[in-house]
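Naming: A, B, ... by sequence-line order, numbering from 1 per chain.
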Amino acid sequence: MLEKTFDPAAVEPRLYATWEASGVFAPTDDPDAPPFAIVIPPPNVTGQLHIGHALNNTLQDVLIRYQRMRGRAALWLPGTDHAGIATQMMVERQLAEQGNIGRRELGREAFIEKVWEWKGRYGGAIVQQLRRLGASCDWSRERFTLDEGLSAAVRKVFVTLHKQGLIYRAKRLVNWQPQLQTAVSDLEVVNLEVNGHMWRIRYPIEGESGRFIVVATTRPETMLGDTAVAVHPDDERYAHLVGKQVRLPLADRLIPIVADDYADPEKGTGAVKITPAHDFNDFRVGQRHDLPMINVLTPDAKINDEAPAKYRGMDRFAARKEIVADLDDLGLLEGVDANKMMVPYDQKSEMVVIEPYLTDQWWVDAATLAGPAIRAVEQGKTVFQPKAWEKTYFDWMRNIEPWCVSRQLWWGHRIPAWFGPDGTAFVEETEEEAKAAARAHYGKDEPLTQDEDVLDTWFSSGLWAFSTLGWPNDLADVKRFYPTGALITGFDIIFFWVARMMMLGIHFMGDVPFHKVVVNALIRDERGQKMSKTKGNVVDPLELIDDYGADAVRFTMAALSGQQRSISLSRQRIEGYRNFGTKLWNAARFCQMNDCVRVDGFDPASVKHVQNRWIRGEALKVWREVTDALENADFAEAAEATYRFVWNVFCDWRLELAKPVLAGGGAAAAETRAMTAWTLDLILKLLHPIMPFMTEELWEKTAGAGPPRDSMLITAQWPDLPASYADDAAAAEMALVIAAIGEGRSVRSELNVPNGARPALLVAEAGPRERRILEENNEAIRRLLGVDGVRFDGAVDGGAVPYIAEGVSFALPVAEFIDLAAERARLAKETARLSSEIERTAKKLGNPDFMARAPEEVVEENRERLAEAEAARERLAAALKRLEAVG
RNA sequence: GGACGCGUAGCUCAGCGGGAGAGCACCACGUUGACAUCGUGGGGGUCGCUGGUUCGAUCCCAGCCGCGUCCACCA
């Protein structure tokens, strides 16, 4: 006998261990099985499972479990990302906390060793957490972006792109993170609004004592690097000054006034200081006018030696204050205004102001790679779901900028470039090849030094769809599983990751990395607030799993996944889905108590009893719904369809109506038992992708009775139901009995068969109307409930109204008779409603325009509606009359 | 500044040309019964506002109001 409730804490770890040990997570070896692969969006190796992972990985697991049951060679390839910046920072922080020497003192090799040590000890916690969620990843193929194989892929891609001219080295402005002292990509910068100032500064015009040109700036310290002042060529106010020079205050340098379209007469004073080394727009102006580029900052954003001695070594913000004060002293500060402005911050910390900074970096020609990636989506080779994300993808791809891929970090893939004594770069996969290339170049051996920098983490992630499959060394899995079936990910990494995988996948594999991108929403708290540590509203999925079990969490994730923009998560919701699991568990318990055991060779096509024919048709319906939903990666629909079927069809009606039949015994009961067991089995299969633990447990618990199970549920075959299961006649008859019974009050739950008691049909309240309905449908009910005779015996002691059938007695204890006044009011209201409906519909059918232009089926529908409403009104009128007679 | 999306029951959301739905919450009744409950019934909505198209608009179009997100840039 099943326990009263399912105990996730005890069952889930046991089942997971069984699955994992049995090797079912690996794709089948069957060469005829069509392949279906998903690569996991690799979580940071430093990461902890958060609610977004729970959503994302639940959906992947649902899909892969479904495909596995469908008989595909289903591969879910897991792994983690080395997450250059995040990991390096974490280990550095830890070193600092432990009072160890810093990274630079430690030296590169020793530091990297420390990071590996850290990874060995703490890294990969998240892959254990994924197991708790039930993720059926093929752990035997787990990958890490810094694995040797993936590193080989990175080197090969980098070198190939370089030889194709798609990677190059250039000195340009980059987004510089001064705290880490590395370049970051545009995507790693976030612009935040802050209350700042705009200072207006007088630049004295050379040779015209006492005359100034006033420029406005929000970053006065950058003036030390000014190399021009620009005005608009058509700006008459300044036309006479173009070509003259100003003496740059404090720096005491002469710089020209140039005419350039960039200067906007409407903005500020119309004259703009040009600092090519510290501003992206100014950089372009500088290039156009061939201006010098003077960098005035050190890598940690202090003023450098290009500046007057006074400011050297000062932090950029301290220098700002000082410079403003000095300008004021010189009478060169015209004014200062409060100014709301957007300031670039480091996206990770949102604390460190990013500085445009002039450095040598490696760049990927993203615009060239983007072309085919755009076309692939235009042609539908890869589709986004929801489709609206394609526009986001196109907008970004069509305006893509070169991608800065070098990072001045230590933890990551070292750039495979070696420099000769004259600075010539030799980009090769190995040092030997670089040496050979250098020898060919110089005509003799020269000492080479490898580039100190590493690659952007997203460079290796961009290869994930094929590097994890063994490319470039072992192509067997690449041939089998590439392109993958679907990518399921959050919209926040469409640019970071999806776009790069598209570009690199198409370029190197000649085909898209995945046919479908399922984009899921951001999860918020129950009040719609973004979860954040500072707000303290972060929901820990592991805690939820502790409290409700993984199945409930998974079901919640699937059910909410349909929401496209954001998902509001509340515990109440999870609780509701946990209750759903309990409902199913108890339905199974009921089946067990009533000996609903699977029968060898049972064929649902052969069932005779109308209840069994009906549930067969309902089963076909839900099977279709769930299968279609999963084929379309519509997880919410799959969840809802099973929910409705299990609760509202199977439990509410099927099991309730089966009770008298089961109690009646004989062939009808036997058939009903077998059909019930078959239906339960179907439910377990349909629900397994979403609720793997409970369904597997029930599968196992029901294995003892009936024919032996030949496999675990996880590898059971997804059913394939014949269309012939649809039985319209049975559906119609059952609709009748449901309507008849359902119109009475409190009937449904009362169709219970207490243990050891005589089977009884208990109706709490049987008013005149219920009695009438039961009488009128006596014949149908008799047949459908599978009893030989049903007789209505009238009230007993103001309490019970027994039905006596052959061998079965149904008692209808009447707690209270219906409040006749209320019932009369209800009927009157309903009659009024019907009247208005009849009036409206009749009017519509009398409208010549409607008759002329509405589609035939709509007209027909309206005719039917009219007829139904009229019939219903008549019935009600009669009922009302009878009621009045009773009253 | 550009783009995308969203305003439907108290809450979270489905629906998207042919007489508005679900879950939760709420109220009432029942519950020795497979059910950490469960069941039955009920209240509650001019489907953001204003126009337009249509025989017919919650649904399509335009404008407005409110909210959210992304991108760009602000000397």
OP1, OP2 of C38(B) versus side-chain N and O of Asn579(A): anything below 4.0 Å? yes

Asn281(A) has its side chain closest, among C73(B), C35(B), U37(B), to C73(B)

RNA chain B nearest-nucleotide lookup for Ala263(A) and Lys391(A): closer to the 5′ end is Lys391(A)

For nucleotides 56-59 of chain B, give me every protein contact, N/O to N/O, under 3.5 Å, one pair per line with atom names.
none

N/O-N/O pairs, protein side and nucleotides 7-9 of chain B side, under 3.5 Å:
none

Taking the basic N atoms (NZ, or NE/NH1/NH2) and the acidic carboxylate oxygens, is any pair closer than 4.0 Å for Lys701(A) and Glu697(A)?
yes

Heteroatom pairs (N/O) under 3.5 angstrom, protein to nucleotides 22-25 of chain B:
from	atom 1	to	atom 2	distance (Å)
C24(B)	O2'	Gln572(A)	OE1	2.8
C24(B)	O2'	Gln572(A)	NE2	3.2

- Under 30°, 30 to 60°, or over 60°: which ring-plane class applies to Trp396(A) and Phe495(A), parallel, tilted or perpendicular? parallel

Quick note, Lys4(A) side chain, CB onward, closest among C71(B), A34(B), C35(B) is C35(B)

Of A36(B), A75(B), A34(B), the nucleotide closest to the side chain of Thr5(A) is A36(B)

May I ask you to decide if the ring planes of Phe384(A) and Tyr393(A) are parallel, tilted or perpendicular, using 30° and 60° as cut-offs? tilted

Looking only at C70(B), C35(B), A75(B), the nucleotide nearest the Tyr262(A) side chain is A75(B)

- Would Lys273(A) and Asp282(A) pass as an ion pair if we require N to O under 4.0 Å? no

